[in-house]
Structures are given as structure tokens and as C-alpha cells.
Colleague: 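Structure below; questions to follow.
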Amino acid sequence: MKQLVNSLKGDKGIWSFVALLALFSFMPVFSASSNLAYIGQGNGNTLGYLVKHLAHICIGFAIIYWIHKVPYHYFRAISKIGLPVVWILLAYTLIKGTVIAGANASRWIQVPFIGITFQTSTLASIVLFIYVARYLSKTREEPIEFKASLWELWLPVFFTLILILPANFSTTALIFCMILMLTFIGKYPLKYIGIIIGSGILFLAFFVLLSKAFPDSRFFNRVHTWESRIENFSTDKPDEDDYQIEKAKIAIASGKIYGLGPGKSVQKNFLPQSSSDFIYAIIVEEYGLLGGLGVLALYLLLLFRFVIASHKANTLFGKLVVIGLGFPMIFQAMINMAVAVELLPVTGQTLPLISSGGSSIWMTCFALGIIISVTKKEEEIAQELKDAAKREEALQKLIDRELGEEDLIEENYSIEDKATNPMHAVLNK
């Protein structure tokens, strides 16, 4: 075990907080899966879900370990190659999206021969963030021109978002906001960012108008869900989402300060998606306000380590990669918590590293591996500088020692003749 820990490179703080979140996830998932066990198996045995979650976490950490060994600058070229592949996957998902538990789940595809479902938008977001970081970090002799950036930057971004939007508005909005933040940090001209924001709003309005013109099209069937969620959030109209929120609020209120205890949640038997979208409500019910604040603190500490890692990166590409991949995880966690306490409408965003699910955990771990690869490179550079300083110091000591020995030889074996001249008596006569 000690050898394995020593083989882990990169920021130890990020490793630690990720491991803590993953370890903590087992108890809430084990407890909250009882509802799924009753529905799926009829006996309430959640051991199978716990083993499945364990397998997902183990595979996720294997992904982190493998990815963090890869030099992060390789992903600079991979993002450009991977973007067309992502477009094909998103288009296929939009057309051939699978059905999960009888519900339309056009944001997932089923991997052939394996049987697992995969959410392509999570992979698309990672590739897109790296692509944007690559564009913003390119060395330019002249300032950025808006027309050139439209083709090189915003056309790929909007085309990717268009393929995600019909099935998943919340993910599209999150990606768009994170890209705007990334371009702002990357010193993209502020006036151009304003134009892009206005264009995005106009396109969304046009998309909604198209959904009104073609209400029976399967590409617009989620628009009604968005509208109803926003309407129900702003009013007291009863709905299925209101049922979920009410159960989540009952769970949070029941937890009080110290909680009911691990595994003693009551609302997990009534709350749909209790092990994924609303797992934070189960955490607060079982572990109380202290447990909920503890989970929030872990995410904030992870955000703090991301900021430090970005600050230490010696390249602009490394800084933007850490921000582009790290910050969305934290914002997704905040959105999940905000939905549970009814600060935001229901969005379907999971709690990273804690909610059950395979592809969401694996893609989060994939992004974390790239971030740790950036911090590993900085550690390697710092170690090289430290080793160079030690070599220079050792060489200087060797030189000083050799010079000291030469001085000692000159003192002991001087060729100067200080003896009395034997002919002195004769010469004086």
C-alpha cells in the first residue's frame, strides 16, 4: 500500500479530497438504493447496488491513475481530433438514445456487447473545455479578431451545444457558462463575450419558437419539461417535480443537526432518484446539518486545491485546463445541492463522486486525471530545479575542496629556496 501511495504523483490534496468523497459515497448509496432494490428485485437487498458502486469507483480510480501518467500537453492535440468524434456520438445519441426504466432518456446510449449506458454529453464537455483552453493558449503576434475566432472557437462550441441542447438543457447551460468563464479568464475580449452571450440567448429563443411550431417533433419533446419545471418552481402548481422537492425538503428537515443516523432515512423509500439526483437530501437526513456542511466543505476544499493548481501551472494551457475541468465539477455539485433545497428548479445534475452511476463517475475521474497530470508536471519541473540546485551546490563544494587542497600543497611544498648561499663567504671576500 505504501508503495502504491508513493507511486501517486501530482497534488496530494486533490488525491485526498477525491478519495474522501469516494469513500463517503458508499454509505449514502447503500442506504438510498433500497427504493431501487424494492422496485427492481422486490426484496430490498441493496448489496448488489453497493458492489456495483464499488466497481464503478474502483474503475474510476484506475482511470485517474492511468490518465495522470499521460503528459497533459498530449490532450492539446487529442481535443482537436476528438471533437469530430464527439459530434458523431452526440448525433447518434440524439437519434438513437436509449430508454431507461420506461422513460425517454435520449441523452444516453447503450454500449454494444457490454450493456452499460453512457452519457455522451459528459465526454463532450471535457473535450470541448480542453479545445477552448487550447485555442485561448495559442501564441499570437496580433490581438484576437472576432471573425477569426467565430470560425476557430465559437462555431465548434455552438455546434456541440446544439447537439446537446434538445436532450439536456441544464448540461448545455452549465457548459456554456463555464466556457464563458474560461474565455474571460483567458483574456478573450470582453466586448466579444457580450456578443456571444446575446447570440446564445437569441438562439435559445429561436429554438423554443421552433418547438412551438413543431410540437410533435421528438427533437423538441423536452422543451415542455423545461417550461413546466420553471413554471412549477416559480408557482405552487403541483407536479411530479414538486413531489420530489417536497420529499427532499422533508428529508432535510428530518435530519436536523445530527441526523437520524446512517441507513435510517425514511424518505429514501418515497423519493425518486434518491441515490443519484437527490442523494444530498438523503445525506442531510441521515447525517444532519453537520454532515451536509461537511460534504459542502469537501467540495470547497477541492475547489481551493484547483485554484492553487491553476496558479502553480507554468503554462497558460495548464492553467486553463485545470479551471475548465475542475470548476464545472464544483458548480455541478452546488447545483445538485441547490436543487435539493429548492433554490433552483429540478435539473437532473448528479453529485460528482457521490451519486451512483457509471459513466458520470468515470468521466469525472477522467477529468480529474488530466488535472492531476497538470499538477504532476509542475512537481516534476520543481523537482528538476531542486535537483539542478543540488548538483550545482555539490559541484561548487567539489571545486572549493580541490582549490583548498592545491593551496595546502603549495604551502607544504614551496619551490622557493630560503637556505643560506654556501658561496656567501667567498663572494663577500
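Any value given below was found using the heavy atoms of this structure, including those in side chains, with hydrogens, waters and symmetry copies removed.
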Colleague: Heavy atoms only: give me the nearest Ile282-Ser274 pair and the separation to one decimal.
Modeller: CG1-O, 3.7 Å
Colleague: Kindly compute the distance separating NZ (Lys138) from CD1 (Ile144), expressed to the nearest 0.5 Å.
Modeller: 9.0 Å
Colleague: If you count every heavy atom of other residues, nucleotides or ligands that lies below 6.0 Å from Phe146 atom CZ, does the total exceed 12?
Modeller: yes
Colleague: Report yes if the side chains of Leu50 and Leu54 come closer than 4.5 Å at any heavy-atom pair, otherwise no.
Modeller: no
Colleague: Mind checking whether Trp151 and Pro156 have side chains closer than 4.5 Å, heavy atoms only?
Modeller: no
Colleague: If I take atom CD1 from residue Ile164 and atom OG1 from residue Thr171, how far apart are they, to the nearest 0.5 angstrom?
Modeller: 7.5 Å
Colleague: When you check the side-chain N and O atoms of Gln119 and Ser121, is any donor under 3.5 Å from an acceptor?
Modeller: yes
Colleague: For a quick test of reading the model, state the closest non-hydrogen atom pair linking Ile67 to Ser373 and the distance between them.
Modeller: O-CB, 4.2 Å
Colleague: Name the one of Tyr299, Phe30, Tyr287, Phe17 that satisfies ring pair (Phe, Tyr, Trp, His ring centres under 6.0 Å) with Phe24?
Modeller: Tyr287
Colleague: For the residue pair Tyr188 and Tyr192, establish whether any side-chain heavy-atom pair is separated by less than 4.5 Å.
Modeller: yes
Colleague: What closest approach, in Å, do Leu128 and Ile175 show between heavy atoms, and which atom pair accounts for it?
Modeller: CD2-CG2, 3.9 Å
Colleague: Between atom OG of Ser199 and atom CH2 of Trp154, what is the distance when rounded to the nearest 0.5 Å?
Modeller: 9.5 Å
Colleague: Would you say the side-chain atoms of Lys319 pair up with the backbone N or O of His311, donor to acceptor, closer than 3.5 Å?
Modeller: yes
Colleague: Would you find more than 12 non-hydrogen atoms of other residues, nucleotides or ligands less than 6.0 Å from Tyr258 atom OH?
Modeller: no
Colleague: Is there side-chain contact between Val339 and Tyr280, with at least one heavy-atom pair below 4.5 Å?
Modeller: no
Colleague: Is it the case that the side chain of Trp15 and the backbone of Lys9 share a donor-acceptor pair, with hydrogens and angles ignored and the cut-off at 3.5 Å?
Modeller: yes
Colleague: Quick one: do the Thr315 and Tyr72 side chains pair a donor with an acceptor below 3.5 Å?
Modeller: yes
Colleague: With rounding to the nearest 0.5 angstrom, report the CD1 to CD1 distance, Ile372 to Ile64.
Modeller: 5.5 Å
Colleague: Before giving the answer on side-chain hydrogen bond (donor to acceptor under 3.5 Å, both in side chains), spell out for Ser31 and Glu286 the whole-Å C-alpha distance, their side-chain angles and the decisive distance to 0.1 Å.
Modeller: CA-CA 9 Å; Ser31 174; Glu286 294 186 352; 2.3 Å; yes
Colleague: Heavy-atom distance under 4.5 Å between the side chains of Gln349 and Asp277, does that happen here?
Modeller: no
Colleague: Any idea which heavy atoms bring Ile252 and Ala340 closest together, and the distance?
Modeller: CD1-O, 3.5 Å
Colleague: Determine whether more than 12 heavy atoms belonging to other residues, nucleotides or ligands lie under 6.0 Å from atom NZ of Lys264.
Modeller: no
Colleague: Would you say the ring centers of His73 and Phe317 fall short of 6.0 Å from each other?
Modeller: no
Colleague: Do Ser275 and Ser356 pair up side chain to side chain, a donor and an acceptor below 3.5 Å, judged on atom types alone?
Modeller: yes
Colleague: Could you report the tightest heavy-atom contact between Trp362 and His56, atom names first, then the distance?
Modeller: NE1-O, 3.1 Å
Colleague: Any donor-acceptor pair under 3.5 Å linking the side-chain atoms of Thr350 with those of Gln332?
Modeller: yes
Colleague: Looking at every heavy atom in both Leu298 and Leu20, which two are closest together, and how far apart are they?
Modeller: CD2-CD1, 4.0 Å
Colleague: Let's go through Phe169 and Phe207 carefully: what are the C-alpha distance in whole Å and the side-chain angles of both, what is the deciding distance for side chain to side chain contact (heavy atoms under 4.5 Å, CB included) to 0.1 Å, and is it a yes or a no?
Modeller: CA-CA 11 Å; Phe169 171 73; Phe207 183 83; over 6 Å; no
Colleague: Any side-chain heavy atom of Val157 sitting closer than 4.5 Å to one from Tyr135?
Modeller: no
Colleague: Determine, step by step, whether Asp11 and Lys376 satisfy the side chain to side chain contact (heavy atoms under 4.5 Å, CB included) criterion, reporting the C-alpha distance in whole Å, the side-chain angles of both residues, the deciding distance to 0.1 Å, and the verdict.
Modeller: CA-CA 7 Å; Asp11 192 296; Lys376 182 196 69 171; over 6 Å; no
Colleague: Please report the C-alpha distance between Thr122 and Thr364 in whole Å, then the side-chain angles of each, then the deciding distance to 0.1 Å, and finally whether the side chain to side chain contact (heavy atoms under 4.5 Å, CB included) criterion is met.
Modeller: CA-CA 8 Å; Thr122 54; Thr364 300; over 6 Å; no
Colleague: Are the side chains of Glu246 and Gln267 in touch, meaning some heavy atoms are under 4.5 Å apart?
Modeller: no
Colleague: Please report the C-alpha distance between Leu368 and His68 in whole Å, then the side-chain angles of each, then the deciding distance to 0.1 Å, and finally whether the side chain to side chain contact (heavy atoms under 4.5 Å, CB included) criterion is met.
Modeller: CA-CA 8 Å; Leu368 285 168; His68 101 287; over 6 Å; no
Colleague: Please tell me whether Arg305 and Thr375 have a donor and an acceptor in their side chains that are separated by less than 3.5 angstrom.
Modeller: no
Colleague: State the CD1-CD1 distance between Ile78 and Ile126, to the nearest 0.5 angstrom.
Modeller: 12.5 Å
Colleague: Ignoring hydrogens and angles, tell me if any N or O in the side chain of Thr183 forms a donor-acceptor pair with the backbone of Ile179 under 3.5 Å.
Modeller: yes
Colleague: Inspect the contact between Lys249 and Glu342 and indicate whether a charged nitrogen and a carboxylate oxygen are less than 4.0 angstrom apart.
Modeller: yes
Colleague: May I ask you to check whether Thr93 and Thr120 show a side-chain donor-acceptor distance below 3.5 Å?
Modeller: yes
Colleague: With a 4.5 Å limit on heavy-atom distance, are the side chains of Arg76 and Ser137 in contact?
Modeller: yes
Colleague: Examine the side chains of Glu285 and Ser265 and answer whether a donor and an acceptor come within less than 3.5 Å of each other.
Modeller: yes
Colleague: Is there a donor-acceptor pair under 3.5 Å between the side chain of Ser310 and the backbone N or O of Phe306?
Modeller: no
Colleague: Please say which of Thr347, Ile335, Asn168 ends up in a side-chain contact (heavy atoms from CB on, under 4.5 Å) with Leu174.
Modeller: Ile335
Colleague: Where the side chain of Lys247 meets the backbone of Phe270, is there a donor-acceptor pair that is under 3.5 Å apart?
Modeller: no
Colleague: Return the CG to CG distance between Leu161 and Leu204, rounded to the nearest 0.5 Å.
Modeller: 11.0 Å
